Chemist: 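I'd like to ask some things about the structure below.
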Amino acid sequence: MHPVRKKRLTIILFLLAGLSVAVGLTTYALRQNINVFYDPSEIAAGDAPVDARIRAGGMVEAGSVVRSSEDLTVRFRVTDYAEAVTVQYTGILPDLFAEGQGVVAIGRLQADGTFVAEQVLAKHDENYMPPEVSDSLKKAGHPGSDTGASAEQTGY
Amino acid sequence: MYPELGQIALILALLLSVLLSVVPLAGAITDRSRLMAFARPLASGIFVFIGLAFAILTHAFLVDDFSVAYVANNSNSLLPWYYKFSAVWGGHEGSLLLWILMLAGWTLAVSVFSRRLPEEIIAQVLSVLGMVTVGFLLFILMTSNPFDRLLPNVPADGADLNPLLQDFGLIVHPPMLYMGYVGFSVAFAFAIAALINGRLDAAWARWSRPWTTVAWSFLSVGIALGSWWAYYELGWGGWWFWDPVENASLLPWLAGTALMHSLAVTEKRGVFKSWTVLLAIVTFALSLLGTFLVRSGVLTSVHAFASDPTRGAFLLGLLAVTILSSLTLYAFRAPVVHSRARYGSLSREIFLLLNNILLMAAMLLVLVGTLYPLVLDYLGGGRLSIGEPFYNLTFSPIAIAVALLLGAGIFSRWKRTDGGWLGRKLLWPAAISLVVACLTMLVFGGFTPWAFAGLFGAAWVTVATAADLWDKSSSRKGRWHGLKRQSRSYYGMILGHLGLAITMAGATVVSNYGIERDVRMSPGDTAEIGDIRFTFTEIGERQGSNFVAQYARFDLSRDGDAISTLYPEKRQYRVQRNVMTEAGIDAGLTRDLFVALGEKVGDNAWAVRLQYKPLIRWLWLGSLFMAAGGFLAIADKRYRIRKRAEQSATENGKASGEENPAVAGAAG
């Protein structure tokens, strides 16, 4: 083979090898780190995988927040007004976390149906509703998906 | 009446920019210099009218004109005046107006500082910028008019600025970021002009280089400010979340970094031309994509002010038109590559090519991670998010590879580098970096592979840069003379690379050795991180101008010696009733100590986050180095001497103080 062509062929093979390694690693990393959203109805129906990192969300049920008296563990129920799931979290909740507000939690579902959260996200301001939550509320037959926000506004 | 004037000013600016995008271009194509001469006055006119509109909006904020809907939604009479001022770009419409003002400013700057360029080039460049201006002015006038009135029901007071945005960070972060985003439109305009007239040569690269570098410097500062702001205001001590909005600013930065390096090769060696043009187009497209992602409401975050679907559709259309038309032009006009390799397989060209490949790979990774969930959701594939581990796992190795390559590339020569010589050159830097990395790990305690890789990379860049400076500055007339002989652009490069090393060292150390504890504390309790003792001494209440705050007092000590006292706060804003956390931070070059109050968890107990953040300041310090390097590089003589000669030749009476905006920028 002509030396110039040989050089080009080596470069191309090298690039292809590098590219396939990169694509492979990316796909692997993606598979490991995709967090799918489930709403309380789906979790109650058993659609959500147990002990896999998922996201769950809905409205925090009024009167459901229970704090431990020793440490920062808190338990609350998240509902889409059809079903509810108990969330357990140890740590600091975001400023905008409150009963009757929309939240999204990232964590793992346990075999006993409790959702152990590593992270709890609340909405950024009173007009904002996590889109997953508003969708799932609509699905559960609550078209007034921003009820939480307007309830808070009229409360003052 | 003023707001209506603002609206009229915007409409006039739109008419002028339509003229700017047609007349000079037509002149350049038909070779009529009378038409081309319209370019500069039109550019000034657009700037004047957009500046007027911006001034009118600012005035409406400062005098609390709540009949303007945008003011009513984003301001309040209780706000201090400086937040009223920064509230101008605190919402969607105003920040878009700021975007356009920057664009008009860059256009004006091009028309002022490019007098030595051939007439038809400048006409084409300004025309392309005019087209971009038309697009954005149409966007603001059709979908997001900041001057819309609330008549006759004028609210008594405004809805207030989101408390998250009532902060020094917001005053400076968006303008810097936008300077960067919009600045890449100049590189884009030069690329398109070069494609139109087929003049893709070293001169073209030299013209677009300083503009690209300045835009990149602003963007670096803008990103760093955003990260700093998130750290103390939003994030409970986090500094980068791989949030789609952050990614949106990182994408053009990565592409812009590649563009800067590729332009260097095109200027010095006249190769990689097509690639450089493509990069210029991609970088600007990514800036537009960033604007689309942040402003359209497809992402929900603190930045997504509105989710009016027509805005998203308009921006997406604008993005599509820009990408399609410029890529079509590229397909027809890009020079055919005659691949007669005039450089060896181990040369500076190759090192810079690898740098480009790595940066683009990193950019693609971030792009995939950002867009994949959006596209999947749009196609009905379900809602999912991609977690931080994805980015950490894929981005970090690329960053380290870039650093290793940089250290070696710095010694390489154009055309051909001797492999054995390069190997011998690199032996000492490798040994020193190994020692530095190990010592640093000993100081901070504990070996982890990532910490080693990151620290080695940072040390490697630093040592190699220093060694190269040492080599280059050797002179028979003494070291000082040798140092003085180096060009400003060389020192700019050195600063930029050192900045990268500093940021990398900071990121590595803070991610690997930072300590974070969430504890339940009552007044009188103590908690410890390492040998630092945090004592919660009291809790109290204070009144701010537009908020009520509960503050805690923490005494920090080490071995009985007081270090400092911190007052973290929990603020409740009066108008929006939002609760905000203000962290107490004891900042230092070697470490930050960070206390934030969580919620009240018992009668007298509070959730408290305590953090020890070693070298976190280095993250942002590094980006300041990078930006300073960029500004220094464009102050290089080779860009200035010609300009001076040109100026004295044409007797052009422009104040010499305006000669180089970046020099003033670097000084200020």
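Please read these numbers as outputs of a predicted model, since none were measured by experiment.
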Chemist: Heavy-atom distance under 4.5 Å to chain A: side chain of B:Thr581, backbone, both or neither?
Modeler: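 Its backbone and side chain both get close to chain A.
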
Chemist: Check B:Gly598 against A:Ile92 and note the closest heavy-atom contact, atom names and distance.
Modeler: CA-CG2, 3.7 Å

Chemist: What residues form a salt bridge (charged side-chain N to carboxylate O under 4.0 Å, His left out) with B:Asp518, not counting sequence neighbours?
Modeler: B:Arg609

Chemist: Quick check on the structure: residues of residues 64-73 of chain A within a heavy-atom distance below 4.5 Å of chain B, by number.
Modeler: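 Near chain B, by residue number: A:Arg67, A:Ser68, A:Ser69, A:Glu70, A:Asp71, A:Leu72.
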
Chemist: Is the count of non-hydrogen atoms from other residues, nucleotides or ligands lying under 6.0 Å from A:Asp112 atom CG greater than 12?
Modeler: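 Enclosed: over 12 neighbouring heavy atoms sit under 6.0 Å from CG of A:Asp112.
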
Chemist: For the atom pair CG (A:Leu93) and CD (B:Glu599), what is the distance rounded to the nearest 0.5 Å?
Modeler: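 CD of B:Glu599 is found 4.5 Å from CG of A:Leu93.
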
Chemist: Which residues pass the salt bridge (charged side-chain N to carboxylate O under 4.0 Å, His left out) test with B:Arg571, sequence neighbours left out?
Modeler: B:Glu569, B:Glu582

Chemist: Under the side-chain contact (heavy atoms from CB on, under 4.5 Å) test, which residues partner A:Ile43, sequence neighbours left out?
Modeler: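 Scan of A:Ile43 (side-chain contact (heavy atoms from CB on, under 4.5 Å), adjacent residues dropped) gives A:Tyr38, A:Ala48, A:Ala56, A:Val85, A:Leu109.
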
Chemist: So which residue, B:Leu365, B:Leu364, B:Val601, ends up with the most heavy-atom pairs under 4.5 Å with chain A?
Modeler: B:Val601

Chemist: What part of B:Leu393 lies closer than 4.5 angstrom to a heavy atom of chain A: side chain, backbone, both or neither?
Modeler: side chain

Chemist: Considering only heavy atoms, which portion of B:Val368 lies under 4.5 Å from any heavy atom of chain A: side chain, backbone, both, or neither?
Modeler: side chain

Chemist: Examine whether an atom of B:Tyr372 lies under 4.5 Å from a heavy atom of chain A, and if so say whether it belongs to the side chain, the backbone or both; otherwise answer neither.
Modeler: side chain

